[in-house]
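Notes follow the structure.
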Number of protein chains: 2
Amino acid sequence: MEEKQDSLLSGVKEIARRAKVSRATVDRVIHNRPGVSVKTKNRINAIIKELDYQPNVLAQRLALTSRGIIRLAVLLPDISEETEYWKAPLEGINKAEAEIKQYGLQVDYYFFDQNVQSVFALQVQQIMENNPDGVLITPTFEPDSIRLLEYCKTKKIPCVLMNSDIAGQHRLCYIGPELFDSGYLSAQLVHYCLKDQQKVMIVNIAREIENNAAILVKEEGFLAYFKEKLSERLLVALNTTDTRHHAVAARLNELLELESHIGVIYVTNSRVSLVAQWLESIGRSDIILIGYDYLAQNIEFLKRGVIDFLLCEKPQEQGYRSVMTLFQFLVFGTLVKEDYLIPIDIITSANYRYYRN
Amino acid sequence: MEEKQDSLLSGVKEIARRAKVSRATVDRVIHNRPGVSVKTKNRINAIIKELDYQPNVLAQRLALTSRGIIRLAVLLPDISEETEYWKAPLEGINKAEAEIKQYGLQVDYYFFDQNVQSVFALQVQQIMENNPDGVLITPTFEPDSIRLLEYCKTKKIPCVLMNSDIAGQHRLCYIGPELFDSGYLSAQLVHYCLKDQQKVMIVNIAREIENNAAILVKEEGFLAYFKEKLSERLLVALNTTDTRHHAVAARLNELLELESHIGVIYVTNSRVSLVAQWLESIGRSDIILIGYDYLAQNIEFLKRGVIDFLLCEKPQEQGYRSVMTLFQFLVFGTLVKEDYLIPIDIITSANYRYYRN
DNA sequence: CTTAATTTCGTGCACGTGCCCTGTGTCTCT
DNA sequence: AGAGACACAGGGCACGTGCACGAAATTAAG
C-alpha cells in the first residue's frame with residue numbers, strides 16, 4: 001500500500017484504498033480494460049457505486065492533452081453578402097474551437113456556395129479523403145449529405161447535422177430548430193395580429209426553393225396552422241427565385257395590386273429585409289411583417305417598426321453546441337441521447353437588445 | 001535549465017525557456033507577485049504578449065484544488081406552493097454548485113418567506129456573521145439588502161444581485177431581466193392583439209404590491225408603452241393582495257361587470273394561472289391572457305389556449321450564471337465588466353416545447 | 001573587505017487522471 | 001517440473017499550473 005490510511009483522499013486513490021488494490025487496477029476497471037478478475041472487478045464497481053465516484057474532469061482532460069490531435073471536419077455555406085446568416089454559426093464554431101484547441105483538437109473548414117451543388121459534392125469528397133475523426137455538416141443538398149453519412153456510418157465517424165435535419169439517417173445527433181413548429185408558430189403570431197377581412201401573404205425568396213428543405217418545412221407548418229384554425233383561403237403565396245431587390249419589389253407590387261386587403265406578410269427566411277425595404281418605400285406601415293433571423297439589417301428594420309417580429313434560432317449557439325457535442329463524444333465518450341432542439345425565439349423592437357444569438 | 005531546447009512546449013514552460021528563467025519567475029510575473037527585477041519582468045511580459053499566452057484553465061483549477069475552500073452565501077425566497085417560481089433559480093444554483101464543488105467551493109443557503117421581512121433581516125444578519133467569501137442575493141427587501149451591500153463593500157466581498165436590481169449600489173453585478181422593458185414588451189404584444197374598441201386589464205396579484213419592485217417596474221414599462229403609442233384610457237387596473245383563488249375570482253367578476261369590453265388581460269407575475277382558472281370557469285376563451293413564467297401550471301393553461309403568451313426570463317440560467325460569475329471572480333479574478341441582462345423570451349403554445357428555463 | 005540583509009530566482013512537490021513498464025505470485029496445461 | 005497465461009502490485013511519467021522552500025546573486029552595513 002502506498003497510501004496513508006486515514007483521510008478523505010478523493011478519486012481513484014480512495015477507491016483503491018478501500019478495495020485494497022492498486023490505482024492501476026481501479027483504472028483498468030474504470031476503462032473496461034482486460035486484466036482484472038471478475039471478483040475484483042465487482043468489488044471495485046460496488047465501491048465506485050457506493051462512493052458515487054465522479055472522475056475529475058479537469059484532471060482527465062489534462063491527462064489527455066498529451067495524446068494525439070483530433071480533427072473535426074466542418075462543412076458550411078460560405079458567407080456571402082446575400083447569406084450573412086452563416087456568419088453566426090461560424091462564430092459559434094470558432095468560439096468552441098478556441099476553447100478546446102488547447103486540448104488537442106483541430107477544426108478543418110470546408111465551405112460551399114449554397115447555389116452550387118457541385119461544390120458541395122466536391123467538398124464532401126474532400127472530407128472523405130481527409131479521413132477526419134468527427135464531422136459537422138449543414139445538409140443543404142440531400143443526396144451528397146447522405147453519401148457522407150453513409151461513409152461516416154461505415155467508418156464509425158460521429159456526424160452531427162446542424163440547422164436542418166435529414167429524416168431516417170444514422171447520425172450522432174441533430175442540432176437545430178424544429179422547422180415545422182417554426183412555421184406553425186409564425187402562423188399563430190399572424191393569427192393574433194390579423195384583423196377582420198384581412199388576408200395573409202406568404203413569401204419565399206430563394207434561388208432554389210424546391211430543394212430548400214428549411215423553407216419547405218416551415219411553409220408546411222404555416223399552412224398546417226391555417227388549415228387547422230383558420231382557412232387556406234386567407235393565404236396568398238409569392239415565390240421568387242430572383243433575389244435581387246428590384247425583382248422582388250416588382251413581384252410584390254404586382255401581387256398587392258390584385259390583393260389589396262393584405263394585413264400581414266410572412267417571409268420564410270432572412271430575406272425579409274427585402275420586403276421591409278419595399279414596404280418602407282411604398283409607405284405601408286400598416287402591414288405587419290414577420291420574418292427570420294437576427295441580422296444587422298433586419299434589426300434595423302425591426303427598430304424602425306417596419307419588421308414587427310423576427311423568429312430566431314440562436315445560430316451561434318447551434319454552431320457552438322455542435323462542436324462541443326462532437327468534442328464531448330470523441331474525448332470523453334459522452335453518449336448523445338437525443339437531438340438538441342433549439343428554442344424558437346420571438347424578437348420584437350422591445351426585446352431585441354437582450355437577445356443573444 | 002531543465003527544459004529540452006527544441007520543441008513546442010506550451011504555456012509557462014515555453015515562456016520560461018525563451019526568457020531564460022525558471023517557471024517560477026514567470027509565475028511571479030503573471031501573478032504580480034514581488035521578487036522579480038524590473039528588467040526581467042519587462043522581458044517576460046514582452047514574451048507573454050508576443051506568444052499571446054493563455055493559461056490552461058484546466059491545469060489552473062486542478063492546481064487550485066489543494067487550497068482551502070471558498071464559501072458562498074446564497075439568499076433566496078423559499079419554495080412554497082404559492083411561489084413555485086423560485087425552484088428554477090435554485091436548480092440553476094444547484095447545478096453550478098455541483099459543477100464546481102469538487103474544486104473547493106461550498107454554497108450555504110439562506111431562505112426567507114417573501115411575506116415576512118423580519119426573516120429576511122435575520123438571514124442578512126446571519127450571513128454577515130458567517131463571513132462568507134462571496135454573496136448572492138435576490139434583494140426582495142431593499143433596506144436590509146442595502147445593509148448587506150454596505151457590509152460587503154467594506155469587507156470587499158463580491159456580491160451579485162439576481163432577479164431584480166437596486167439602483168446606485170456598489171455590487172459585483174446584476175444578473176436578471178430589464179424589468180421595465182419586460183412590461184413594455186408585454187404592452188407591445190397586447191397592442192398587436194387588441195381589436196377595435198377593446199380595453200385592457202392589468203392585474204397585480206401579490207401580498208405586498210407597493211414593496212414589490214419587480215411588479216412596479218413592469219407596470220411602469222407597460223404604462224409607458226400605452227402613453228406613447230395608445231392611450232391610458234384603454235387601461236383598467238386591478239390590484240389584489242389576497243392571493244387566494246376565490247378572492248381573485250370575485251374581484252375579477254366584479255370588474256368585468258363594470259367593463260364589458262375587455263379584450264386582453266395582462267398579469268404582472270406568475271400568478272397568471274389564477275386568472276386563467278377563472279377565465280376557464282366563466283368560459284371566456286375569447287379574452288387574450290398574458291402573464292409570466294414557465295411554471296408547470298402555467299404551461300398547462302398555455303397548452304389549452306387559456307393563456308396566450310408567457311414572458312420568461314430563464315430563471316434557472318439566472319441562478320447558474322450568478323454562481324458561476326462569483327466562482328470566476330473569486331477563483332480566477334475574472335473581472336466583471338457589466339451587468340448581464342437576461343433575454344425576455346416570449347412563449348406560446350407553439351414553442352413552449354423547446355424552451356429551456 | 002567581510003558579513004549580514006535583501007533581493008532575485010531555481011527546484012521540487014502537489015493536484016487527479018491516463019497509460020506505460022517491470023516484477024511477482026498463482027493457476028493451468030503439457 | 002517447466003512453460004505459459006493471467007491477475008495483480010507498484011512505480012513512473014506526463015499534462016500545466018501554483019506555491020513553499022531554499023539557494024544564489026546582489027546590495028547594504030559593519
Side-chain angles (χ1 to χ4, degrees), chain A residues 1-4 7-17 19-44 48 51 53-69 100-105 331-333, chain B residues 1-4 7-17 19-44 48 51 53-70 100-105 330-333:
Chain A
M1 280 316 87
E2 64 182 4
E3 327 295 357
K4 301 166 295 180
S7 63
L8 21 71
L9 313 170
S10 54
V12 174
K13 260 192 206 167
E14 172 66 10
I15 298 173
R17 190 180 65 80
K20 299 191 202 305
V21 296
S22 75
R23 289 179 331 174
T25 306
V26 177
D27 201 75
R28 282 184 270 263
V29 172
I30 289 174
H31 297 92
N32 277 321
R33 267 178 306 218
V36 184
S37 67
V38 182
K39 217 177 63 180
T40 315
K41 194 168 179 172
N42 288 338
R43 183 156 43 95
I44 292 176
I48 288 178
L51 292 182
Y53 166 71
Q54 299 288 95
N56 187 322
V57 186
L58 269 42
Q60 242 174 355
R61 286 203 230 182
L62 188 61
L64 286 173
T65 306
S66 48
R67 285 199 281 171
I69 60 170
I100 61 186
K101 75 177 167 198
Q102 60 183 316
Y103 313 124
L105 205 131
V331 174
F332 302 122
Chain B
M1 279 321 81
E2 65 183 3
E3 328 293 359
K4 302 166 295 181
S7 63
L8 22 71
L9 314 170
S10 54
V12 173
K13 259 192 205 165
E14 172 66 9
I15 298 173
R17 191 180 65 80
K20 298 189 203 306
V21 295
S22 77
R23 294 173 329 178
T25 306
V26 176
D27 199 76
R28 280 184 267 266
V29 172
I30 289 174
H31 296 92
N32 276 322
R33 267 178 305 221
V36 183
S37 66
V38 183
K39 218 178 62 181
T40 316
K41 192 170 180 172
N42 287 338
R43 182 156 43 95
I44 292 176
I48 288 178
L51 292 183
Y53 166 70
Q54 300 288 95
N56 186 321
V57 187
L58 268 41
Q60 243 174 354
R61 289 203 228 182
L62 185 61
L64 286 173
T65 306
S66 46
R67 287 197 281 169
I69 60 170
I70 292 172
I100 63 186
K101 76 176 168 199
Q102 59 183 316
Y103 314 124
L105 205 129
L330 285 166
V331 175
F332 302 121

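Within every chain, numbering begins at 1; the chains are lettered A, B, ... in the order of the sequence lines, protein sequences first and strands thereafter. Source: prediction; values computed, not measured.
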Please give, in whole Å, the distance from [N] [atom2] to [X] [atom1]?
{"X": "B:Gln54", "N": "D:dT17", "atom1": "CD", "atom2": "P", "value": "11 Å"}
{"X": "A:Leu58", "N": "D:dT17", "atom1": "CG", "atom2": "C1'", "value": "11 Å"}
{"X": "B:Ile30", "N": "D:dG18", "atom1": "CD1", "atom2": "C1'", "value": "10 Å"}
{"X": "B:Asn56", "N": "C:dT17", "atom1": "CG", "atom2": "C1'", "value": "14 Å"}
{"X": "B:Gln60", "N": "D:dG18", "atom1": "CD", "atom2": "P", "value": "5 Å"}
{"X": "B:Arg33", "N": "C:dC9", "atom1": "CZ", "atom2": "P", "value": "14 Å"}
{"X": "B:Leu62", "N": "C:dG16", "atom1": "CG", "atom2": "C1'", "value": "6 Å"}
{"X": "B:His31", "N": "D:dT17", "atom1": "NE2", "atom2": "C1'", "value": "8 Å"}

Taking only the side-chain heavy atoms of [X] (C-beta and beyond), determine which of [options] contains the nearest atom.
{"X": "B:Ser22", "options": "D:dC8, C:dT11, D:dC13", "answer": "C:dT11"}
{"X": "B:Arg28", "options": "C:dC9, C:dT17, D:dG16", "answer": "C:dC9"}
{"X": "A:Val12", "options": "C:dT11, C:dT17, D:dT17", "answer": "C:dT17"}

Between the protein and nucleotides 22-28 of chain C, are there any N/O to N/O pairs under 3.5 Å, and if so, what are the atom names and distances?
none

Nearest-0.5 Å distance that lies between atom [atom1] in [X] and atom [atom2] in [Y]:
{"X": "B:Leu330", "Y": "B:Ile70", "atom1": "CG", "atom2": "CD1", "result": "5.5 Å"}
{"X": "A:Arg28", "Y": "A:Thr40", "atom1": "CZ", "atom2": "OG1", "result": "10.5 Å"}
{"X": "A:Asp27", "Y": "A:Ile15", "atom1": "CG", "atom2": "CD1", "result": "10.0 Å"}

Assuming nearest nucleotide by heavy-atom distance, tell me which of B:Thr40 and B:Ala59 is located more 5' along DNA chain C.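 Counting from the 5' end, the first nearest nucleotide belongs to B:Thr40.
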Within the 4.0 Å heavy-atom criterion, would you say B:Pro55 contacts the bases, only the backbone, or no part of the nucleic acid?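 Sugar-phosphate, backbone atoms only, no base.
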Can you say whether a donor on the side chain of A:Arg23 sits under 3.5 Å from an acceptor on the base of D:dG11, or the other way round?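 By the distance-only test, no, there is no pair.
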At less than 3.5 Å, do the side-chain atoms of A:Arg61 and the base atoms of C:dG18 form a donor-acceptor pair? no
Taking the nucleotide of DNA chain D with the closest heavy atom to each, which residue, A:Thr25 or B:Asp27, is nearer the 5' end?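 By nearest-heavy-atom nucleotide position, the 5'-most residue is A:Thr25.
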On DNA chain D, compare the nucleotides closest to A:Ala19 and B:Ala24; which residue's is nearer the 5' end? A:Ala19
side-chain N/O A:Ser37 vs D:dC8 OP1/OP2, d < 4.0 Å: yes
OP1 or OP2 of D:dG16 under 4.0 Å from side-chain N/O of B:Tyr53: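 B:Tyr53 to D:dG16 OP1/OP2: no side-chain N or O under 4.0 Å.
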Does any part of the side chain of B:Ile44, heavy atoms only, come nearer than 4.5 Å to the side chain of B:Lys41, both counted from C-beta?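 When only atoms from C-beta onward are counted, B:Ile44 and B:Lys41 do not touch, as no gap falls below 4.5 Å.
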B:Leu62 side chain reached by B:Leu58 side chain, heavy atoms, under 4.5 Å: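 No; the side chains remain at least 4.5 Å from each other.
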Of the non-hydrogen atoms in B:Arg23 and B:Lys13, which two are nearest, and what is the gap between them?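 It is CD-CG, 3.8 Å.
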